[in-house]
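Quick notes on the structure that follows.
Computed from a prediction, not measured in an experiment: that's the story for all the values here. Both ligands and their constituent atoms are indexed starting at 1 by order of listing. This chain uses plain numbering: 1 for the first residue, then up along the sequence.
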Amino acid sequence: DLTTTLNKLHFKTPLMNAAGVHCATTTELDDLLDSQAGGLVTKSATLQPRTGNPDPRYANLPFGSINSMGLPNQGLDYYLNYANATALTHPDFPILLSLAGQSLAENLQMLERIQASAFSGLTELNLSCPNVPGKPQIGYDFDQMKTILTAVFQTFNQPLGIKLPPYFDLAQFDLVADILNQFPLAFINTINSVGNGLFINLETETTVIKPKGGFGGIGGSYVKPVALANVRAFRQRLNPAIQIIGTGGVVSGGDLFELILCGADVVQIGTTLAQEGTPAFGRILTELERIMAQKGYATLADFRGNLKTL
Ligand code: DHB
């Protein structure tokens, strides 16, 4: 039994795509509906469509990926229409809408559109895009984060979560959790890519992506220990009512097991989905089932959050 729930929505498996990967077009989103994913999230949307940064803007690396996409997306209405149409054809498939407005006003406008529509899924407000030149990540500005959440919850009365950047200092976890615990968040999603990293082609002495002089968000195996730490640290600090989507570095069933052991309710895959396509879901879930059987666990709840320390 691999089922899980997020804000009362039922997931047949704990895996889904990470926002940005395989979710920009209806074709890609339909692939997710037909996969072993338990839910899906749409590409982070802005009010108007965007073309994003110049190519090359994504590269595979020996142990993961680097990207500086720059928020290419079809605009909110495209994803909202897809979600509302899919709710009729696939009523049991949880859908998350990811939003990445470039100002508080733009985020509030998008939330008002969602609230005025028939949308019955979950909304994920992205506070951690590292790739729009001149736009610092909101998740690293704690005062701005509190201001935004205050305004958002004055406007929006439907289930809402936030996508966070990785934090690295235990004092930061204390500060951020103190702020988040003041709001009726349905969930947090941790982590976004580790931004900004730099990858170099030794032979040519060049960067491997073009935008921003080669700096970009790092994903994949490089970031798994950071993801585990963020899920664990927030699970230890957040109100139990705030659930956690764990994201970062899941390549195998063992990685998935570890994120759940740290407290993740749902787990997302980014780089591995980009590299393997939707068959990655079935492969990783089969590996998880084997580990659970070996250990004698029948459900995810049998080990969720139960990390042991020395
Ligand atoms: C993009 C990257 C992110 O990590 C994110 O959270 C949102 C957008 C991007 O470059 O498109």
Side-chain angles (χ1 to χ4, degrees), residues 16-25 28-29 40-61 64-76 78-79 96-104 106-107 110 122-141 144-145 148 160-167 176 187-199 207-220 222-224 226-227 230 245-250 268-275:
M16 54 186 292
N17 67 303
V21 180
H22 213 99
C23 62
T25 64
E28 291 179 334
L29 291 162
L40 67 79
V41 58
T42 55
K43 170 68 186 172
S44 286
T46 48
L47 211 41
Q48 301 302 326
R50 291 169 56 96
T51 52
N53 292 337
D55 287 324
R57 58 193 188 180
Y58 173 94
N60 286 317
L61 307 180
S65 66
I66 185 168
N67 86 83
S68 183
M69 305 299 288
L71 220 38
N73 77 94
Q74 311 275 352
L76 173 67
Y78 179 96
Y79 302 109
L96 280 66
L97 266 182
S98 173
L99 308 182
Q102 295 305 287
S103 66
L104 174 56
E106 186 182 358
N107 280 322
M110 290 195 286
L122 306 176
T123 302
E124 177 173 287
L125 182 63
N126 184 352
L127 302 182
S128 48
C129 173
N131 295 337
V132 178
K135 291 275 178 187
Q137 293 179 69
I138 296 161
Y140 288 139
D141 180 340
Q144 200 191 351
M145 192 152 62
I148 288 177
L160 181 99
I162 53 174
K163 180 80 170 271
L164 293 171
Y167 300 100
V176 175
F187 64 89
I188 64 161
N189 185 344
T190 180
I191 60 174
N192 206 319
S193 57
V194 172
N196 277 273
L198 185 63
F199 193 84
T207 59
V208 296
I209 57 173
K210 180 180 175 94
K212 288 177 24 188
F215 288 84
I218 305 294
Y222 296 109
V223 312
K224 188 184 79 168
V226 179
N230 276 259
I245 301 177
T247 306
V250 173
Q268 297 183 338
I269 56 173
T271 298
T272 299
L273 175 59
Q275 295 177 341

Counting from 1, what ligand 1 atoms have a heavy atom of [X] closer than 4.0 Å?
X      : value
Lys43  : 1 (C), 8 (C), 9 (C), 11 (O)
Gly70  : 9 (C), 10 (O), 11 (O)
Asn126 : 5 (C), 6 (O), 7 (C)

Going by the rule salt bridge (charged side-chain N to carboxylate O under 4.0 Å, His left out), which residues pair with Lys212 if we only count those two or more places apart in sequence or in a different chain?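 Result, salt bridge (charged side-chain N to carboxylate O under 4.0 Å, His left out) vs Lys212: none returned.
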
Return yes if a side-chain donor-acceptor contact under 3.5 Å exists between [X] and [Y], otherwise no.
X      : Y      : answer
Ser98  : Asn126 : no
Asn67  : Ser65  : no
Gln268 : Asn17  : no

Looking at CD of Glu124 and CD1 of Ile245, how far apart are the two atoms once the value is rounded to the nearest 0.5 Å? 5.5 Å

Distance (rounded to the nearest 0.5 Å) between Asp55 CG and Tyr58 OH: 13.5 Å

Just wondering, do Arg57 and Lys210 contact through their side chains at under 4.5 Å, heavy atoms?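 Side-chain contact under 4.5 Å: no.
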
Could you check if a side-chain atom of Pro49 sits within less than 4.5 angstrom of a side-chain atom of Tyr78, using non-hydrogen atoms only? no

Heavy atom of [X], distance to ligand 1 below 4.0 Å:
X     : value
Pro72 : yes
Asn53 : no
Arg57 : no

From Gly217, Ala18, Pro130 - option closest to atom 3 (C) of ligand 1 by heavy atom: Pro130

Tell me, which protein residue and heavy-atom name are nearest [atom], and how many Å apart are they?
atom                   : result
atom 2 (C) of ligand 1 : Asn131 ND2, 3.4 Å
atom 4 (O) of ligand 1 : Asn192 OD1, 2.8 Å
atom 9 (C) of ligand 1 : Leu71 N, 3.3 Å
atom 1 (C) of ligand 1 : Cys129 SG, 3.5 Å

Taking non-hydrogen atoms only, is Asn73 closer than 4.0 angstrom to ligand 1 via side chain, backbone, both or neither?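 The answer is neither; Asn73 stays 4.0 Å or more away.
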
